Participant: 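My questions will all concern the structure given below.
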Amino acid sequence: MDVVRIHHPYSVKQIKPEPVVLTLGFFDGVHRGHQAVIGRAREEARKRHLRLAVMTFNQHPSLVFHQLDRRSATYLTTIPEKIDRMAELGVDLLYIVDFTSAFANLAPEKFVKQYIVDLHAQVAVAGFDYTFGPQRAGMADLPQFAKGRFDVIQVGQLNQNAEKVSSTRIRQAIDVGDIDEAASLLGYPYHLLGTVVHGEARGRTIGFPTVNIRPEPYSRVPGIGIYAVQIKICDVWYLGMASIGRNITFGDDRDVTIEIYILNFGKMVYGEPVEIVWYSRLRGEVKFDSAAGLIDQLKLDEVATRDYFTQYRGELLS
Ligand SMILES: Cc1cc2nc3c(=O)[nH]c(=O)nc-3n(C[C@H](O)[C@H](O)[C@H](O)COP(=O)(O)O)c2cc1C
Ligand SMILES: Nc1ncnc2c1ncn2[C@@H]1O[C@H](COP(=O)(O)OP(=O)(O)O)[C@@H](O)[C@H]1O
């Protein structure tokens, strides 16, 4: 897959000359609804023997249109994850456009000319709620702006349990730790990228050393709780149990940390990039009277983690 980053106004040299089916959207999470849009575009690309292109943005449009608080400016998929997901969906060409005021304020005619026609789109595909231009023109308006220069395909709303599959719904599920619901809406288990940093060096003293994770900036961290996870370090996947919490047994008013005890592991890996896959929420965070109480619970958690993977994810056990 070719990835082309664009900052408005772009240079024509950046644009690939081949005709494409162009899929438009922000696609945070690349969830089942997004997969349906991209899948429809892929079908059209195959039929017409064209390359499949996607045009997305580096940041959420609402960042430019109005102020966002810090928490809502986080993403289900940061750019590196989105790139991986798009490649897996068979996308040939990904344009990542910096969403700036200059880009957002392009009149719809100019947006259509510069970002659809000049990208050599023979077909533009988007979800029913895609909007463009400062007045937020919609998909129903796109054919009139196309003026016969490309075809327009609008993909309808995908529902699950009679409700729209949406990034907002998935963010809400992630926030309350409902990663099962998140996975069923995403169509894959939730992932998070980060780096191993130093913690308080207490884990090793209680027999459960943990990698402390600093998440990739702007990524959305699941709600407080204890989870069965998979973690990739130095290109190898391991099983583990993760705690997202304030380590309340050891004091009040602590910051939320992400810590993972990795099964069958004993290496020092500070500074390594990691990928975490969230499989199951085991329990909430508990305040124990002593470290001994926590240790007993961690032993039970380890059994619960192994049981979970044996029972439901046998394919991950090697
Ligand atoms: C699977 C798991 C479950 C945990 N559950 C709790 C908990 O319920 N309550 C709590 O106070 N700390 C919990 N912890 C966090 C420990 O307090 C923490 O790992 C320990 O203090 C080591 O911290 P350090 O890595 O900063 O040295 C848990 C940690 C793990 C790995
Ligand atoms: N089974 C394991 N799971 C997680 N980390 C481990 C494991 N074995 C060794 N380590 C290493 O030990 C470190 C964690 O030790 P810990 O005492 O919790 O210290 P700190 O909280 O300062 O990182 C990890 O960062 C990792 O490099």
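Remember, predicted model here, so these are calculated numbers, not experimental data. Counting starts at 1 for both ligands and their atoms, following the listed order.
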Participant: Around Arg283, counting heavy atoms of other residues, nucleotides and ligands shown, do more than 12 lie under 6.0 Å from its CZ?
Facilitator: yes
Participant: Starting from atom 17 (O) of ligand 1, which protein heavy atom do you reach first, and at what distance in Å?
Facilitator: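 Here the nearest protein heavy atom works out to Phe250 CE1, 3.2 Å.
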Participant: Specify the protein heavy atom at minimum distance from atom 11 (O) of ligand 1: its residue, its atom name, and the distance to 0.1 Å.
Facilitator: Thr249 OG1, 2.7 Å
Participant: Do any N/O atoms on Ile248 end up under 3.5 angstrom from N/O atoms on ligand 1?
Facilitator: yes
Participant: Give me the residue, atom name and distance of the protein heavy atom closest to atom 26 (O) of ligand 1.
Facilitator: Glu200 N, 2.8 Å
Participant: Which atoms of ligand 2 have any heavy atom of Gly199 under 4.0 Å away?
Facilitator: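 So the answer, numbered in order with elements, is 20 (P), 21 (O), 22 (O), 23 (O).
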Participant: Any N or O on Gly199 sitting closer than 3.5 Å to an N or O of ligand 1?
Facilitator: no
Participant: Show which atoms of ligand 1 fall inside a sub-4.0 Å distance from at least one heavy-atom site of Thr210.
Facilitator: 19 (O), 25 (O), 31 (C)
Participant: Could you find the nearest protein heavy atom to atom 3 (N) of ligand 2 and give me its residue, atom name and distance?
Facilitator: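 Minimum-distance protein heavy atom for atom 3 (N) of ligand 2 reads Ile262 N, 3.0 Å.
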Participant: Among all protein non-hydrogen atoms, which one is nearest to atom 6 (C) of ligand 2, and what is the separation to 0.1 Å?
Facilitator: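 Checking every protein heavy atom, the shortest distance to atom 6 (C) of ligand 2 gives Pro209 CB, 3.8 Å.
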Participant: With atoms numbered from 1 as shown, which atoms in ligand 2 lie under 4.0 angstrom from a non-hydrogen atom of Gly266?
Facilitator: 8 (N), 9 (C)
Participant: Between the side chains of Ser184 and Gln160, is a donor N or O closer than 3.5 angstrom to an acceptor N or O?
Facilitator: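 The answer is yes; a qualifying pair exists.
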Participant: Identify the closest protein heavy atom to atom 9 (C) of ligand 2: which residue and atom is it, and at what distance?
Facilitator: Lys267 O, 3.3 Å
Participant: Report yes if Ala201 has an N/O atom closer than 3.5 Å to an N/O atom of ligand 2; otherwise report no.
Facilitator: yes
Participant: Side chain of Asp178, backbone of Glu181: donor and acceptor closer than 3.5 Å?
Facilitator: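 Yes, the answer is positive, given that a donor and an acceptor are paired below the 3.5 Å cut-off.
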Participant: Report the nearest protein non-hydrogen atom to atom 2 (C) of ligand 1: residue, atom name, distance rounded to 0.1 Å.
Facilitator: Leu298 CD2, 3.3 Å
Participant: Is it true that Val20 and Val152 fall in one hydrophobic cluster, defined by side-chain heavy atoms closer than 4.5 Å?
Facilitator: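 Same hydrophobic cluster.
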Participant: Would you indicate which of Val211, Asn264, Thr205, Ile231 comes nearest to atom 5 (N) of ligand 2 when only heavy atoms are counted?
Facilitator: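 Among Val211, Asn264, Thr205, Ile231, the closest heavy atom to atom 5 (N) of ligand 2 comes from Val211.
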Participant: Hey, can you tell me if Phe103 and Phe111 have their rings parallel, tilted or perpendicular (30° and 60° cut-offs)?
Facilitator: perpendicular
Participant: Salt bridge (charged side-chain N to carboxylate O under 4.0 Å, His left out) for Glu43 and Arg40? Distances and angles first, verdict last.
Facilitator: CA-CA 5 Å; Glu43 190 186 302; Arg40 178 70 187 84; 3.6 Å; yes
Participant: Using a 4.0 Å heavy-atom threshold (strictly under), name the region of Leu294 that reaches ligand 1: side chain, backbone, both or neither.
Facilitator: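 Within the 4.0 Å criterion, Leu294 contacts ligand 1 through side-chain atoms alone.
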Participant: Tell me: protein heavy atom nearest atom 15 (C) of ligand 1, and distance?
Facilitator: Asn247 OD1, 3.2 Å
Participant: Looking at ligand 1, does any of its N/O atoms fall within less than 3.5 Å of an N/O of Val286?
Facilitator: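 In this structure, Val286 places an N or O atom under 3.5 Å from an N or O of ligand 1.
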Participant: Within the side chain of Glu285, is there an N or O that forms a donor-acceptor pair under 3.5 Å with the backbone of Arg246?
Facilitator: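 Yes; judged by distance alone, with no hydrogens or angles, the pair exists.
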Participant: Where on Phe208 is there a heavy atom closer than 4.0 Å to ligand 1, on the side chain, on the backbone, on both, or on neither?
Facilitator: neither
Participant: Need the ligand 1 atom indices (1-based, order shown) with element for anything under 4.0 Å from a heavy-atom of Phe288.
Facilitator: 7 (C), 8 (O)
Participant: With a 3.5 Å distance limit and no angle check, can you tell me whether Lys287 reaches the backbone of Ile248 through a side-chain donor-acceptor pair?
Facilitator: yes
Participant: Tell me the contacting part of Gln297 for ligand 1: side chain, backbone, both, or neither, using a 4.0 Å heavy-atom threshold, strictly below.
Facilitator: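 Near ligand 1, Gln297 shows nothing, with every heavy atom at 4.0 Å or more.
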Participant: Would a hydrophobic clustering, with Ile, Leu, Val, Met, Phe, Trp and Tyr connected at side-chain separations under 4.5 Å, put Phe309 with Leu263?
Facilitator: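 Yes, because Phe309 and Leu263 connect within a single hydrophobic cluster, where side-chain heavy atoms sit under 4.5 Å apart.
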Participant: Identify the protein heavy atom lying closest to atom 19 (O) of ligand 1, giving its residue, its atom name and the separation to 0.1 Å.
Facilitator: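 Its nearest protein heavy-atom neighbour is Glu259 OE1, 2.6 Å.
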Participant: Report the nearest protein non-hydrogen atom to atom 27 (O) of ligand 2: residue, atom name, distance rounded to 0.1 Å.
Facilitator: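 The closest one turns out to be Val269 N, 2.9 Å.
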Participant: Do ligand 1 and Ala201 have nitrogen or oxygen atoms that lie under 3.5 Å from each other?
Facilitator: yes
Participant: Can you find a non-hydrogen atom of Gly245 under 4.0 Å from ligand 1?
Facilitator: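 The answer is no: ligand 1 sits nowhere under 4.0 Å from a heavy atom of Gly245.
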Participant: If Ile, Leu, Val, Met, Phe, Trp and Tyr residues are connected whenever their side-chain heavy atoms lie under 4.5 Å apart, and connections chain through other members, are Val256 and Ile226 in the same group?
Facilitator: no
Participant: Is the backbone N or O of Asp301 less than 3.5 Å from a side-chain atom of Thr305, with the two atoms forming a donor-acceptor pair by type?
Facilitator: yes
Participant: Look at atom 20 (C) of ligand 1 and say which protein heavy atom is nearest, naming residue and atom and giving the distance to 0.1 Å.
Facilitator: Arg202 NH1, 3.6 Å
Participant: Give the atoms of ligand 2, by number and element, whose distance to some non-hydrogen atom of Met268 is under 4.0 Å.
Facilitator: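 By the 4.0 Å cutoff, the relevant atoms are 11 (C), 12 (O), 27 (O).
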Participant: Counting only nitrogen or oxygen atoms and a 3.5 angstrom limit, does Val196 reach ligand 2?
Facilitator: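 Min N/O separation from ligand 2 is not below 3.5 Å for Val196.
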Participant: Side chain, backbone, both or neither: which applies to Asn212 and ligand 2 if a contact is any heavy-atom pair less than 4.0 Å apart?
Facilitator: side chain
Participant: Any donor-acceptor pair under 3.5 Å linking the side chain of Thr257 with the backbone of Ile213?
Facilitator: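 The answer is no, because no donor-acceptor pair under 3.5 Å joins these two groups.
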Participant: Please determine, by modelled atom types, if His191 and Glu275 share a side-chain donor-acceptor pair under 3.5 angstrom.
Facilitator: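 His191 vs Glu275: donor-acceptor pair found between side chains.
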Participant: If you have a sec, work out which protein heavy atom is nearest atom 18 (O) of ligand 2 and how many Å separate them, to one decimal?
Facilitator: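 For atom 18 (O) of ligand 2, the nearest protein heavy atom comes out as Thr210 N, 3.0 Å.
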Participant: Test your reading of the structure: does Asp301 have an N or O sitting under 3.5 Å from an N or O of ligand 1?
Facilitator: no
Participant: Output, in order, the C-alpha distance, side-chain angles, deciding distance and verdict of ring pair (Phe, Tyr, Trp, His ring centres under 6.0 Å) for Tyr279 and Tyr312.
Facilitator: CA-CA 10 Å; Tyr279 279 106; Tyr312 298 106; over 10 Å; no
Participant: In a check of salt bridge (Lys or Arg N to Asp or Glu O under 4.0 Å) between Asp28 and each of Arg220, Lys82, Arg171, which one passes?
Facilitator: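 The single option meeting the salt bridge (Lys or Arg N to Asp or Glu O under 4.0 Å) with Asp28 is Arg171.
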Participant: Once you measure the plane-to-plane angle for Tyr227 and Trp278, does it fall in the parallel (<30°), tilted (30-60°) or perpendicular (>60°) bin?
Facilitator: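 Tyr227 vs Trp278 ring planes: perpendicular.
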Participant: Between Glu302, Glu285, Met241, Arg283, which one has a non-hydrogen atom sitting closest to atom 4 (C) of ligand 1?
Facilitator: Arg283
Participant: Quick one: look up the protein heavy atom nearest atom 23 (O) of ligand 2 and list residue, atom name and how far away it is.
Facilitator: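 The closest one turns out to be Tyr270 OH, 2.9 Å.
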Participant: Looking at atom 19 (O) of ligand 2, what's its closest protein heavy atom, distance included?
Facilitator: Arg204 NH2, 3.0 Å
Participant: Heavy-atom distances under 4.0 Å decide this one: backbone, side chain, both or neither, for Ile226 against ligand 1?
Facilitator: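 Near ligand 1, Ile226 shows its side chain, while the N, CA, C and O stay back.
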Participant: Hydrophobic cluster membership, with links at side-chain heavy-atom distances under 4.5 Å among I/L/V/M/F/W/Y: are Ile224 and Val286 in one?
Facilitator: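 Shared cluster, no.
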Participant: Side chain or backbone, does Tyr261 bring an N or O within less than 3.5 Å of an N or O on ligand 1?
Facilitator: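 Among all N and O atoms of Tyr261, none is under 3.5 Å from an N or O of ligand 1.
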Participant: Would you check, one step at a time, whether the test ring pair (Phe, Tyr, Trp, His ring centres under 6.0 Å) holds for Phe26 with Phe99?
Facilitator: CA-CA 10 Å; Phe26 183 57; Phe99 202 92; 8.4 Å; no
Participant: What verdict does the side-chain hydrogen bond (donor to acceptor under 3.5 Å, both in side chains) test give for Gln230 and Tyr238, after you've listed the backbone C-alpha separation in whole Å, the side-chain angles of each residue and the deciding distance to 0.1 Å?
Facilitator: CA-CA 6 Å; Gln230 229 193 345; Tyr238 300 90; over 6 Å; no
Participant: Answer yes or no for Arg246: is there a heavy-atom contact with ligand 1 below 4.0 Å?
Facilitator: no
Participant: Pick whichever of Ser243, Gly284, Gly203 has a heavy atom sitting closest to atom 14 (N) of ligand 1.
Facilitator: Ser243
Participant: Of the backbone atoms (N, CA, C, O) and the side-chain heavy atoms from C-beta on, which set of Thr257 has a member under 4.0 Å from an atom of ligand 1: side chain, backbone, both, or neither?
Facilitator: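 Within the 4.0 Å criterion, Thr257 makes no contact with ligand 1.
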